[in-house]
Amino acid sequence: MTDFDAIVIGAGNAGLSAAAGMQRKGLRTLLLERHNIPGGCGTSFVRGDFEFEVALHQLSGLGTEADPFVLRDTFRDLGVLDKVEFVEEGEVYRFCVPGEVDITLPADIPGLIHMLSKQFPQEADAIARFVQLCGTLCQEYYGVFPRVKRAGDPGALRKKCPNLVRYGVRSSQDVLDEFFSDPRLKATLGAYWPYLGLPLDELPFVELGPMFFLYAHYKPYHIRGGSQAMSNALLQSFLEAGGEVQFNTAAAKIHTDQGRVTGVTTEHGTRFNAASVVSNASSIHTFNELLDVETLEPQVRETFHHSRVGVSGFIVYLGLDVSPEKLGITAASNFICSDLDDRAVFDTANNLDDPAGCLLTCYNYDDPTFAPEGKSVIGLMCAQYGKVWEDIPQEAYFDTKYEFAQRLIRLAERVYPGIQAHIEEVEVATPLTVMRYLNTPGGAIYGFDQNALETPVFRQRLKGPEGLYLAGAWTGPGGFQPTYMSGHAAANTVVRHHRTNLAAE
């Protein structure tokens, strides 16, 4: 047996951030990862001449050097800000429903307001007020609310976060309806809902509004070399600080004694002792499979009972023998829908009917190094629940996934015709692929559905044994920025508790 101060289970975004954060602040930390590389969703793979991103997200919350935001400080504290190169995108996204609306929003608040006001002149005043609300809500959500919540004073919450109180847990659809009348404008401003996994009538505005402002004001970014470059940088920072990592080594059991964490046993039978364990695995797997306790706390059982496992994704990775310019690409991120009604688009996640919406990403639109010269790397993604694919007979699985991929390509070709004719490499991932790779229930990519009960306003830390901490999408919103910050926050909590315990001794 070997003693550590802390053990991290899983080298996804949050696990890597937690490990680097703790080790750099003096805690002897062991990182366990069941795969042979770090990153989880923050990884890439190669097919032919192309390197594909596993996940399809922009990076938010970084800000510029002159106008930084929370993620820049997080990366600096983790020792990776100077280890990677960030590529700023010029556009927030292009939103297109053929025959209804086609608009590309610049990553600039004045330019964005001007463009939207020009397209929807009758809503100009409301557009300016809405964007201002998103900015104010963003500042309250990230800058004020965490401190107010820790204080536990409802009066202070109402005084210091009035917009969060008024708008935060209302549905995004409700807030959009309050500000606007044109369904095309509402659909355009609500286009980011796939990044959060719920349609607008279920998605709390506290998630959508700040996200929209983060991208529009603090700019969207990609990482040169892909998210794998950030995963590698976090691992390097961890190892440089003296951390230890074991790949191809899954955690099999988290041990406890008298309500306290005592260590972890791996799938290979090796026992490591530690007073703190940070799990980057799903909370369902952590509490139901890894913990050695027979009975869960009532609060944990209740949370699992009322929380819904969120959506997974169906992803088509395409290497094309044509440049983005020749294909007509006008933005790195493109939301393409066949219907203005996001609920109708979302409902196709529950079946194998023709997909009604997709996210098309082309990283080398802003970063030519992301693909061979004269070629393109395209990602197509639509939301799908895992149950849809679990019910497909094994003998029909291969044909079904490629036939569904063809339908997704046809949807994308309504905006960018000619994709099919230029395919050089193709790979397809279904929710079952995601499930096997991430080991999450239903292949969920955002954790639980991010409804009002899952917002920070109501969310509570799951009650487990002392010394157990969770980090990642299952403790809050999914996506790149939230999971990096979740791991960093978990690290700071563990370090604080460790120092408190040392002082008490």
Please check this pair: side chain of Glu89 against backbone of Lys219, looking for a donor-acceptor N/O pair closer than 3.5 Å. no
Ring pair (Phe, Tyr, Trp, His ring centres under 6.0 Å) involving Phe130 - partner list, sequence neighbours excluded: Phe179, Phe180, Phe205
For Tyr93, give me all partners under ring pair (Phe, Tyr, Trp, His ring centres under 6.0 Å), at least two apart in sequence or on another chain. Tyr192, Phe335
Which residues satisfy the side-chain hydrogen bond (donor to acceptor under 3.5 Å, both in side chains) test with [X], sequence neighbours excluded?
X      : answer
Asn232 : Gln228
Lys401 : none
Thr303 : none

Suppose we screen for salt bridge (Lys or Arg N to Asp or Glu O under 4.0 Å). Which residues come up paired with [X], at least two apart in sequence or across chains?
X      : value
Lys149 : none
Lys387 : Asp391
Lys160 : none

Could you list the residues that satisfy side chain to side chain contact (heavy atoms under 4.5 Å, CB included) with [X], not counting sequence neighbours?
X      : result
Arg414 : Pro98, Ser338, Leu411
Thr104 : Glu91, Arg94, Thr330, Ala331
Pro106 : Leu112, Met115
Arg410 : Glu403, Gln406, Arg407

Could you go through the ring pair (Phe, Tyr, Trp, His ring centres under 6.0 Å) check for Phe370 and Tyr365 one step at a time? CA-CA 9 Å; Phe370 213 94; Tyr365 173 75; over 10 Å; no
Short side-chain donor-acceptor distance under 3.5 Å, Glu202 and Ser171: no
